[in-house]
Undergrad: 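I have a structure here, written as structure tokens, and I will follow up with some questions on it.
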Amino acid sequence: MVANLAIAAALSLAPSLAPKFRSTRISMSGITTGEVHGENGAYVAGYWVPLENCPKHFNIAHGSHVKGIRARRSMTGRSAAHPDGSYDVAIIGAGCIGSAIARELSKTTASVVVLEAADDVCQGATKGNSGIVHAGFDDKPGSVRAKLCWKGNQMFPALDEDLHFGYQLTGSLVIARGDEDEAHLQTLLERGHTNGVQNLRIVNQAELRKMEPNIDPAATAALFSPDAGTLIPYEYTIALAENAADNGVEMRIRRQVEDIIKNSNGLFEVQVAHWEPREFVQTSLDPLSKVRQALQPTKLGSYFGGENEGGPWQEYPELKKSEQRVDIEDMKVGGSGSKRAMNGVVVDHEVVRARYVVNCGGGASDKISEMIGDDSFKIKPRLGEYVLLKKSSGSACNHILFPCPGPYGKGILVQKTLWGNLILGPTARDQHEWPDPQVDPDSKSVILQKILSACKRLVPSFDVDDAFHSFSGARAKSTRGDWIIEPSAADAHFIQAAGIDSPGIAGSPAIAVEVVQLLKDAGLAVEVDPSFNPKRAPLIVPKHGDVLNGGTPLIYTPDDKTSINAAGVPAEQNVVCKCEKVTEKEVVDACRRSLPIDSTQAIRKRTRAGMGGCQGKPWNYGCECRVAQIIAREASTAQGTLPVEQVGRRPWAATSQFPRRWLSPQDKETLAKLLLEADALSKEEVSEVAAKIEATLPLAVELDSASESADVNAAKPSSLLLATIDTNSSAVGTGNATLIAPQLLMFSADPEHETVSL
């Protein structure tokens, strides 16, 4: 038995959470590092399982999909309604919170329907985040966050052993850079103890360097939490929703809630607009469309990209140019999969009657709440942008690396993802602070520079040339300043699960338990469902290079853009995505599960087809064309005819900060230049800046050559804003603000308040 403090703590609290096996490939600290999920094995319940053991512990044979019913267009294959058409519970929103609640309710005899505004589960705030299962040491003691984060964290090993979404106990490090930061580490340690977080400790510089050889030399210590973990947020959410659907929960996508009223029988009537993409509607309503399709040659549909892509884009006339833009309002209701972003049109209006409603509407949860007369909170979106680097940069760190947290959250971090990429971000930009809420005051270059410069302070050696993808999310922060998990004051049968920002993923399983208890307290009478199957088989099949477990080789078939399998090889050997080694069989299996799928983006989130370094380049292997043809074939079998050109494609530009879907060499040079500019401030320039400040007001200025920093101390510290100039960061800190080097040299004095404006 492996000695591990984190697992021991979990078992002492809840023996039923004990994993049924232990890995033999665990480092001395009990943290799994050095392996990549899907390559020669998989992470299960936090620990590494080698390839030969995956059939028993990962790719299980008796998952819930065995009894699941194949999905229909935009909904699951069976209704969960009572004979009178009503439901016990309607859940609004299918992010990680709504899906976790749905699965928790699927353990009971409750009749449950989930309504999702976007074109798939997990298209909102859950999709665009770091995928970290936080331990909870940073949360304010006494808050709902503090109550549920650690509790949820400890549920993940057992949850992953059931659902096989991939969970790695990487552990996290909050990095200090000097005495002031180290004092803050002590504060975090004490706060963690207050919150019940176990196994925390502060590591000194020597131990930190052993744990993280590439850490910035200025790092002096760190707070280590071995219980922090890593997952892929959409794979986690899909696993929850799929298992819930297999166990009887009804899921409807492309359902936007327009109003909620209470009828004379005491039931909520949730009024829903069912939308579909305009092109799909036009085709399906045309009585002659099937005849024309039979007479016309097969069309491959379109790729979405930008002008002057980083490759021979001119050779692909089907490449549409910048066809989709996503704004913050879209991000509240599904982002790139929202009605407006997908050019959707309403095809039907539905009324869902339910005894109870759970509001998991994320960015739109305040609007949902207002529909029943509860205006007790507002959602204030906080944008977080990311940059993703190729797997070749994944070895830059072993743990999740945080800076000391600031007023806008946990800071811009560096992390190796479950699949081996390096992820940088997120930013924390509040829309309500913009002069014009409809106009982003920051250019994309400023945002990218902020990410790159902050991450270089953690790991200076990452290679920005490996950057290949950018995305952003909108966190659902509320005016309450805490998670809102409670019965609504307007109606006790309406349960709020709103305003859930970071660390919402970590808390999600505990939030689900809490919400189900609130429903029971409100009168929901349910029993345990004896037929509930907690086990879910993954769609991913781990490989050893180009070989499947057992020695069967993968086969890369010719790319003629018109064939799924030009060589006619078995589906389990036919590679449809070269970068991620996804096979035709994996895509087919996804299409035949219980959640509706009609886009390459949906398959991308489930199988990783198109997730690799080439990002689905049409001139590389044509993976998006192959996947689209499989979806069309499978959908036509299950739902009637779906022309391949009507299969949804990966959107562009969506929320990317990059100018093109496929970066050019010039784009890579621009990123490198942004990083250099952010790091360009020399000691001479610092002295010049300090002199300008001193000339503005009578300040005492000292330059410490050992630390290469200048502390500008006010003559009247009680009333003067302190400024700190740090050449290691090439930035000026003013209270809570940080200004990047190119914006440093503008100063003004406020004689009334005796402050320096930077």
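Model, not experiment: these values are computed from the prediction.
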Undergrad: Only one of Asp120, Thr655, Asp330, Val326 forms a side chain to side chain contact (heavy atoms under 4.5 Å, CB included) with Ser336, so which one is it?
TA: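 For Ser336, the side chain to side chain contact (heavy atoms under 4.5 Å, CB included) test succeeds with only one of Asp120, Thr655, Asp330, Val326, which is Val326.
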
Undergrad: With no hydrogens and no angle check, do the side chains of Ser225 and Asp227 hold a donor and an acceptor under 3.5 Å apart?
TA: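 Side-chain D/A pair, Ser225 to Asp227: absent.
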
Undergrad: Decide yes or no on side chain to side chain donor-acceptor pair (under 3.5 Å) for Gln601 and Asp119, but give the supporting numbers first.
TA: CA-CA 10 Å; Gln601 180 78 333; Asp119 67 346; over 6 Å; no

Undergrad: With a 4.5 Å heavy-atom cut-off, do Asn129 and Ser502 have their side chains touching?
TA: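 With C-beta onward as the side chain, the pair stays apart.
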
Undergrad: Any Lys/Arg nitrogen of Arg608 or Glu586 sitting under 4.0 Å from an Asp/Glu carboxylate oxygen of the other?
TA: no

Undergrad: Would you say the side chains of Asp246 and Ser64 form a donor-acceptor pair under 3.5 Å?
TA: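 There is such a pair (donor and acceptor under 3.5 Å, judged by atom type) between the side chains of Asp246 and Ser64.
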
Undergrad: Is there a side-chain contact between Asp430 and Lys380, using heavy atoms and a 4.5 Å cut-off?
TA: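 Of all side-chain heavy-atom pairs linking Lys380 with Asp430, none is under 4.5 Å.
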
Undergrad: Hey, what's the ring geometry for Phe165 with Tyr236, parallel, tilted or perpendicular (30° and 60° as the breaks)?
TA: perpendicular

Undergrad: Test side chain to side chain donor-acceptor pair (under 3.5 Å) on Glu276 and Ser74 and set out the steps.
TA: CA-CA 9 Å; Glu276 294 286 347; Ser74 299; 2.6 Å; yes

Undergrad: Got a sec, which residues hit side chain to side chain donor-acceptor pair (under 3.5 Å) with Asp348, two or more places apart in sequence or on another chain?
TA: none

Undergrad: Should Phe280 and Asp598 count as side-chain neighbours, where that means a heavy-atom distance under 4.5 Å?
TA: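 No, too far: nothing below the 4.5 Å cut-off.
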
Undergrad: With the side chain counted from C-beta on, respond yes when Pro487 and Leu518 share a heavy-atom pair under 4.5 Å apart, and no when they do not.
TA: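 SC-SC contact between Pro487 and Leu518 confirmed.
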
Undergrad: Should Arg649 and Gln324 count as side-chain neighbours, where that means a heavy-atom distance under 4.5 Å?
TA: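 No, their side chains stay 4.5 Å or more apart.
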
Undergrad: Check whether any side-chain heavy atom of Arg604 sits under 4.5 Å from a side-chain heavy atom of Glu580, and report yes or no.
TA: no

Undergrad: Nearest 0.5 angstrom please: Ile631 CD1 to Ser599 OG, how far?
TA: 6.0 Å

Undergrad: Among side-chain atoms of Lys535 and Asn243, is any donor-acceptor pair under 3.5 angstrom?
TA: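 Looking only at side-chain atoms, Asn243 and Lys535 do not form any donor-acceptor pair under 3.5 Å.
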
Undergrad: Checking Glu250 against Thr76: is there a side-chain donor and acceptor pair closer than 3.5 Å?
TA: no

Undergrad: Check whether the side chains of Ser472 and Gln657 place a donor and an acceptor atom closer than 3.5 Å, and report yes or no.
TA: no

Undergrad: Would you say His82 and Asp88 are linked by a side-chain donor-acceptor pair, where the criterion is simply a distance under 3.5 Å?
TA: yes

Undergrad: Find out whether Ile485 and Leu148 are in side-chain contact, i.e. whether some heavy atom of one side chain is under 4.5 Å from a heavy atom of the other.
TA: yes

Undergrad: With heavy-atom distances below 4.5 Å as the criterion, would you say the side chains of Tyr167 and Leu418 are in contact?
TA: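 Side-chain contact under 4.5 Å: no.
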
Undergrad: Which label fits His37 and Trp419: parallel for a plane angle under 30°, tilted from 30 to 60°, or perpendicular past 60°?
TA: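 Perpendicular.
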
Undergrad: Tell me which one of Arg475, Lys477, Arg480 satisfies salt bridge (Lys or Arg N to Asp or Glu O under 4.0 Å) with Asp501.
TA: Lys477

Undergrad: Atom CD1 of Ile603 and atom CG of Leu539: how far apart are they, to the nearest 0.5 Å?
TA: 8.0 Å

Undergrad: Using the rule given for side chain to side chain donor-acceptor pair (under 3.5 Å), can you reason through Tyr43 versus Thr230, listing the C-alpha separation, both sets of side-chain angles and the distance that settles it, and then say yes or no?
TA: CA-CA 10 Å; Tyr43 285 106; Thr230 296; over 6 Å; no

